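See below for the structure under consideration.
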Amino acid sequence: MKNIRLFAILALALATLNSCKTEYDLLLAGNDTEAKYKAAFDYFNKGKYSKAASLFENLSVLTSGTSRDDTVRYYWGLCNYSLEDFQTAETNFSDFISAFPRSPFIESATFLHVDCLYRSTLRYELDQTPTYRAIQAITEYLRDNPRGANADICRNMIRDLNERLDRKAYENARLYYKMEDYKASRVAFKNILKEDADNVYREDILYYSAMSSYNYALNSTREKQKERYLIFEDDYLNFIGEYPESPYRKELDSIYNKLKGK
């Protein structure tokens, strides 16, 4: 009798639990592929990307190897992209590109893949490994789609990422200057331009190179100052040769004229 009563209680609890499930929960747990496919697009078109993503993920198993496979996998990635889950979306699109190189969605998926990489990069102060990875992927996209609809967007991405790398190199060198290690700062600034002559901070770099030379000489022993001031003079002449109208010109002119008056 006790067992019958216990069974009845469990059956009632199970029935109550099932009645609490929403239509969406039942759909997700069921095996009706057509209903899931229709609902997934309904949720997607209404901007309910989280529910749509779960349905497309579920469908990716059910439609594997069918004519709908690439569509389901593409929209699964698009849902995660729309949710700004760029790390998951990047994985979605990377897998899609490998699996469906001839899909009509391939160019869009490739662009969205590089866009996810771009959006996953970090501020210049942090590790720039993701930046290098994004630049490589965007460059490859532009090589294959030089006149594509997204080509200009990609060029702007690369411009932004390169500027970020330029900023990191510049700030790293300037840190030596702030620490008053003027010998190290001049070497660091010169090395930046050896590796990247077109650094967007070139004017600032040349200015700080000259100021590093001057301060290094100024803080040297008297017998070494004359030789080291000549290094500043070279840096000064290089600077005004490139940037004669620079706002830094007045300060550097003043230092140079003071030294010449000695």
Side-chain angles (χ1 to χ4, degrees), residues 86-87 90 114-140 142 154-262:
F86 299 118
Q87 185 173 2
E90 187 268 317
V114 300
D115 192 41
C116 287
L117 291 173
Y118 170 73
R119 292 172 184 272
S120 298
T121 55
L122 307 173
R123 301 191 314 271
Y124 79 87
E125 308 100 302
L126 303 176
D127 178 32
Q128 292 303 299
T129 300
T131 299
Y132 288 109
R133 186 181 173 208
I135 288 174
Q136 181 180 351
I138 297 166
T139 300
E140 290 173 0
L142 283 171
C154 286
R155 291 186 185 97
N156 287 333
M157 286 180 187
I158 287 183
R159 193 175 299 115
D160 175 59
L161 294 177
N162 280 328
E163 182 172 339
R164 196 176 308 176
L165 295 176
D166 286 354
R167 175 80 182 273
K168 186 175 184 69
Y170 166 66
E171 294 292 354
N172 284 347
R174 202 157 72 101
L175 184 60
Y176 289 112
Y177 188 87
K178 291 177 180 178
M179 294 168 60
E180 299 183 0
D181 187 346
Y182 300 118
K183 181 178 181 181
S185 67
R186 184 178 186 275
V187 170
F189 284 123
K190 292 296 184 181
N191 283 340
I192 292 173
L193 296 183
K194 281 181 182 177
E195 296 174 7
D196 178 19
D198 296 323
N199 188 294
V200 295
Y201 295 93
R202 183 179 178 87
E203 180 178 350
D204 301 273
I205 290 168
L206 290 175
Y207 162 75
Y208 278 109
S209 293
M211 290 301 296
S212 294
S213 300
Y214 169 68
N215 282 295
Y216 182 52
L218 184 66
N219 290 285
S220 297
T221 57
R222 183 174 295 275
E223 61 269 19
K224 293 183 178 180
Q225 280 186 333
K226 183 176 181 180
E227 176 187 351
R228 290 175 180 173
Y229 280 134
L230 290 175
I231 296 173
F232 162 75
E233 184 175 334
D234 286 342
D235 288 345
Y236 164 78
L237 294 173
N238 285 336
F239 182 88
I240 64 171
E242 282 200 45
Y243 300 102
E245 305 299 325
S246 172
Y248 293 129
R249 175 77 187 264
K250 184 177 180 181
E251 179 184 7
L252 292 176
D253 281 349
S254 176
I255 294 171
Y256 178 77
N257 292 331
K258 181 178 68 174
L259 293 175
K260 281 299 183 182
K262 283 189 175 183

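Keep in mind that what you see is a predicted model, and the values were worked out from it rather than measured. One-based numbering along the sequence shown.
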message: Apply side chain to side chain donor-acceptor pair (under 3.5 Å) to residues E251 and Y207 and explain how you reach the verdict.
response: CA-CA 10 Å; E251 179 184 7; Y207 162 75; 2.7 Å; yes

message: side-chain contact (heavy atoms from CB on, under 4.5 Å), that's the test. Do S246 and E203 meet it? Break it down for me.
response: CA-CA 8 Å; S246 172; E203 180 178 350; 2.5 Å; yes

message: Using side-chain contact (heavy atoms from CB on, under 4.5 Å), reason through F232 and I255 one step at a time and then give a plain yes or no.
response: CA-CA 10 Å; F232 162 75; I255 294 171; 3.5 Å; yes

task: Evaluate side-chain contact (heavy atoms from CB on, under 4.5 Å) for V200 paired with N162, printing each intermediate quantity in order.
output: CA-CA 9 Å; V200 295; N162 280 328; over 6 Å; no

task: Could you check N215 against Y177 for side chain to side chain donor-acceptor pair (under 3.5 Å), going step by step and ending with a plain yes or no?
output: CA-CA 10 Å; N215 282 295; Y177 188 87; 3.3 Å; yes

- prompt: N199 and R202: side chain to side chain donor-acceptor pair (under 3.5 Å), yes or no, with the steps?
  reply: CA-CA 5 Å; N199 188 294; R202 183 179 178 87; over 6 Å; no

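We find that R119 and D115 are joined by a salt bridge, their nearest charged nitrogen and carboxylate oxygen being less than 4.0 Å apart. A salt bridge is defined here as a Lys NZ or Arg NE, NH1 or NH2 lying under 4.0 Å from an Asp or Glu carboxylate O, and R174 with D204 fails to meet this definition. The existence of a salt bridge linking E227 and K224 is excluded, since no basic side-chain nitrogen approaches an acidic carboxylate oxygen closer than 4.0 Å.
When every heavy atom of K168 is checked against every heavy atom of L126, the shortest pair comes out as NZ-O, 3.3 Å. The shortest heavy-atom contact between S185 and A173 is CB-O, 4.0 Å.
E163 CD to D166 CG: the interatomic distance, rounded to the nearest 0.5 Å, is 7.0 Å. How far CG of L259 is from CG of L218: 9.0 Å, rounded to the nearest 0.5 Å.
Between F189 and Y208, the two ring planes are parallel [angle under 30°; tilted spans 30° to 60°].
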